[in-house]
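What follows is a set of notes on a single structure, which appears directly below.
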Amino acid sequence: MSQKPIRLLLVGTGSMAENHVLHFRKIPGVDVVAGVDITEERVRAFCQLHKIPKYFTDLDEAVAWGEFDAVTNVTPDVVHHPTVMKLLESKKPILCEKPLAPSYPLALEMTEAAKRAGVVAMVNLRYRELPVMQMARALVEDGLVGDIRHIDAAYLQSWLVGTHWGDWRTEERWLWRLSGAHGSRGVLGDVGIHILDFASYVADQFPTSVHCRLKTFGKAEGDRIGAYGLDANDSFVMSCEFDGGAVGVVHASRWMTGYANAMKLAVFGTRGALEIWFESEKMGLRVCAGRDVHTQTWRDVDSPPVPNTYQSFIDAVRAGETLEPSFRRAAELQHVLDLAFESDRLGTALPVERAPSVDTTKADAGVGARPATVLAEK
Ligand SMILES: NC(=O)c1ccc[n+]([C@@H]2O[C@H](COP(=O)([O-])OP(=O)(O)OC[C@H]3O[C@@H](n4cnc5c(N)ncnc54)[C@H](O)[C@@H]3O)[C@@H](O)[C@H]2O)c1
């Protein structure tokens with residue numbers, strides 16, 4: 001594949017932006033040429049620190065300047081929709097942070113606009129591209145675990161308990177995540193899309209019904225800090241049925257003391273089981289299958305490196321073809337998340353009809369699912 005140089009525009013220079021700059025700059029031929037943020041002090045300091053030659057405080061000015069080949073959008077959740085719709089006018093490929101939008105109708109509008117613009121449009125659902133996830137998916141495809149009966153997925157954070165990521169009581173980057181008026185849909189809206197994505201990707205089964213319970217715990221006097229009403233959910237528990245016949249539990253919380261940013265996924269089938277753990281960029285995969293099912297013996301499995309989402313996006317830009325995880329995939333997952341909110345409100349399970357207005361036929365023919373290459377070699 002050609003090493004065509006790619007000049008990236010970075011939109012949003014808050015906490016996650018550094019991750020984008022560090023990962024993109026490791027890719028040969030890629031550079032971040034300008035940053036955009038509405039907070040001048042922040043964008044100036046960020047661009048100075050990371051030696052990014054140009055900065056803007058207005059996205060329109062950056063688009064009018066136009067000297068970039070692709071965009072990475074790292075703005076807050078509620079800002080993805082307006083910024084992506086504006087950026088699509090310039091017909092440049094976009095990697096957008098997750099969740100694509102705070103609701104399915106907005107995510108669908110973005111997906112359809114990207115299709116009309118004919119550009120590569122991907123979402124940073126980065127956990128599915130961890131080596132352990134890719135290896136686990138290949139093992140499932142190879143039939144190692146048989147027919148999957150049960151899925152157990154958890155996403156564990158504790159920034160409401162510990163100060164390891166700063167103080168949520170005083171820092172804007174945490175306060176907006178706790179406030180519906182600032183576009184947050186709580187932990188379900190924040191990491192729900194990650195956990196649904198990697199669980200359904202590894203198991204190769206999509207939810208067909210969802211029953212969700214949300215909980216917002218009291219955290220401050222009057223449930224408010226300054227302009228931030230603290231009404232977004234902190235914990236969710238969800239039970240799902242899947243189209244391959246499995247049932248499962250999917251849950252997450254910001255109160256999971258002892259874990260900064262951890263994930264656990266277990267998949268149990270008629271012939272075997274596999275378990276993945278991930279914590280702060282360390283990870284492992286183990287399986288219990290074959291004769292080991294009679295003795296409950298688990299064996300660690302090595303997972304060779306695979307391209308991460310940043311590399312996938314650049315590969316997609318160079319090839320001119322969207323790879324997964326695409327806007328379309330993120331919109332389908334957002335449909336499930338919207339139903340989960342509704343299920344909590346109604347106190348009942350709801351069926352998931354497969355996002356009917358997402359055209360899953362033709363456009364997806366142009367979406368190259370990254371083949372689980374690793375797995376072929378195992
Ligand atoms: N994929 C992942 O693993 C992962 C991890 C962390 C965060 N995220 C996502 O990344 C996004 C950003 O999160 P963060 O922690 O960096 O938030 P943050 O609040 O630290 O940073 C967001 C930045 O965007 C800026 N901004 C707001 N409106 C803007 C606009 N209209 N134009 C340009 N800039 C604007 C803010 O001033 C701020 O500097 C969120 O959507 C979050 O869900 C993803």
Side-chain angles (χ1 to χ4, degrees), residues 1-13 16-17 19-37 52-54 56 59-75 79-101 106-126 128-129 197 307-332 358-359 362-371:
M1 191 174 288
S2 108
Q3 295 296 291
K4 189 174 117 192
I6 306 283
R7 300 165 301 167
L8 271 182
L9 177 71
L10 170 74
V11 184
T13 57
M16 186 61 186
N19 216 298
H20 282 236
V21 172
L22 297 179
H23 278 103
F24 276 123
R25 282 201 167 143
K26 284 187 188 154
I27 305 172
V30 176
D31 201 9
V32 182
V33 293
V36 187
D37 201 294
I52 298 171
K54 204 163 179 66
F56 300 89
L59 184 56
D60 287 335
E61 283 176 24
V63 169
W65 169 65
E67 291 180 29
F68 54 93
D69 306 302
V71 185
T72 188
N73 187 346
V74 204
T75 57
V79 182
H80 296 170
H81 177 267
T83 47
V84 163
M85 295 305 278
K86 162 66 57 192
L87 286 159
L88 283 173
E89 289 169 20
S90 67
K91 298 208 186 295
K92 301 278 171 72
I94 301 181
L95 176 69
C96 184
E97 261 308 340
K98 47 53 58 177
L100 182 57
L106 291 178
L108 180 61
E109 197 185 325
M110 294 157 83
T111 304
E112 288 177 343
K115 185 180 171 189
R116 276 196 305 279
V119 297
V120 165
M122 294 172 59
V123 178
N124 195 19
L125 290 168
R126 67 189 188 95
R128 70 145 66 197
E129 295 194 84
D197 180 55
N308 60 27
T309 322
Y310 305 99
Q311 179 70 59
S312 293
F313 175 64
I314 294 302
D315 291 349
V317 172
R318 287 182 169 143
E321 184 189 42
T322 295
L323 292 167
E324 295 295 351
S326 61
F327 274 26
R328 188 164 306 277
R329 165 77 174 174
E332 287 190 340
V358 173
D359 169 10
K362 189 61 208 129
D364 280 348
V367 176
R370 157 90 58 197

> side-chain contact (heavy atoms from CB on, under 4.5 Å) between Val120 and Glu321: does it pass, once the steps are laid out?
Replying inline: CA-CA 6 Å; Val120 165; Glu321 184 189 42; 5.7 Å; no
>> Rounded at 0.5 Å granularity, tell me how far OG1 in Thr309 sits from NE2 in His20.
In response: 9.0 Å
>> Are Lys26 and Gln311 packed together at the side-chain level, in the sense that at least one heavy-atom pair is separated by less than 4.5 angstrom?
In response: no
> Cut-off 3.5 Å, side chains only: do Thr75 and Glu97 have a donor facing an acceptor?
Replying inline: no
> So which heavy atom on Gly12 is nearest to which on Ala17, and how close?
Replying inline: O-CB, 3.4 Å
> Out of curiosity, Leu87 CG to Met110 CE, how far, rounded to the nearest 0.5 Å?
Replying inline: 9.5 Å
>> For the NZ atom of Lys54 and the CH2 atom of Trp65, what is their distance to the nearest 0.5 Å?
In response: 6.5 Å
> Can you find a heavy atom in the side chain of Glu129 that is under 4.5 Å from one in the side chain of Pro325?
Replying inline: yes
> Could you walk me through whether Ile94 and Val84 pass the side-chain contact (heavy atoms from CB on, under 4.5 Å) check?
Replying inline: CA-CA 8 Å; Ile94 301 181; Val84 163; 4.1 Å; yes
>> Using 0.5 Å steps for rounding, measure from the CD1 atom of Ile6 to the CD1 atom of Ile314.
In response: 5.5 Å
>> On a heavy-atom basis, which atom in Met122 and which in Glu324 lie closest, and how many Å separate them?
In response: CE-O, 3.9 Å
> Considering all heavy atoms of both residues, which atom of Ala107 and which atom of Leu100 are nearest to each other, and what is their separation?
Replying inline: O-CD2, 3.8 Å
>> Give me the atom names and distance for the closest heavy-atom approach of Thr322 to Val119.
In response: OG1-O, 3.9 Å
> Less than 4.0 Å between a side-chain N and a carboxylate O, is that true for Arg7 and Asp31?
Replying inline: no
>> Quick check: do Leu9 and Thr72 have side-chain heavy atoms less than 4.5 Å from each other?
In response: no
>> Would you say that Arg329 contacts Arg128 through its side chain, given a criterion of any heavy-atom pair below 4.5 Å between the two side chains?
In response: yes
> Can you tell me how far NZ of Lys98 sits from NE2 of His80, rounded to the nearest 0.5 angstrom?
Replying inline: 8.0 Å
> If every non-hydrogen atom of Val33 is compared with every non-hydrogen atom of Ile52, which pair is closest and at what distance?
Replying inline: C-CG2, 3.7 Å
>> Quick one, Lys115 and Arg328 - any side-chain contact, counting heavy atoms below 4.5 Å?
In response: yes
> Does a side-chain N-to-carboxylate-O contact under 4.0 Å join Lys92 and Asp69?
Replying inline: no
>> Taking the side chain as everything from C-beta on, heavy atoms only, tell me whether Val71 gets closer than 4.5 Å to Leu95.
In response: no
> Hey, are the side chains of Tyr310 and Asn19 touching, using non-hydrogen atoms and a 4.5 Å cut-off?
Replying inline: yes
> Counting distance only, does the side-chain N/O of Ser326 pair as donor-acceptor with the main-chain N or O of Leu323 below 3.5 Å?
Replying inline: no
>> Let me confirm one number: the NE2-SG distance from His81 to Cys96, rounded to the nearest 0.5 Å.
In response: 11.0 Å
> Can you find a pair of side-chain heavy atoms, one from Asn124 and one from Met16, that are under 4.5 Å apart?
Replying inline: yes
>> Does Phe313 form a side-chain contact (heavy atoms from CB on, under 4.5 Å) with Leu8? I'd like the steps, not just the answer.
In response: CA-CA 11 Å; Phe313 175 64; Leu8 271 182; 4.3 Å; yes
> Between Arg318 and Pro28, which heavy-atom pair has the shortest distance, and what is it?
Replying inline: NH2-O, 2.9 Å
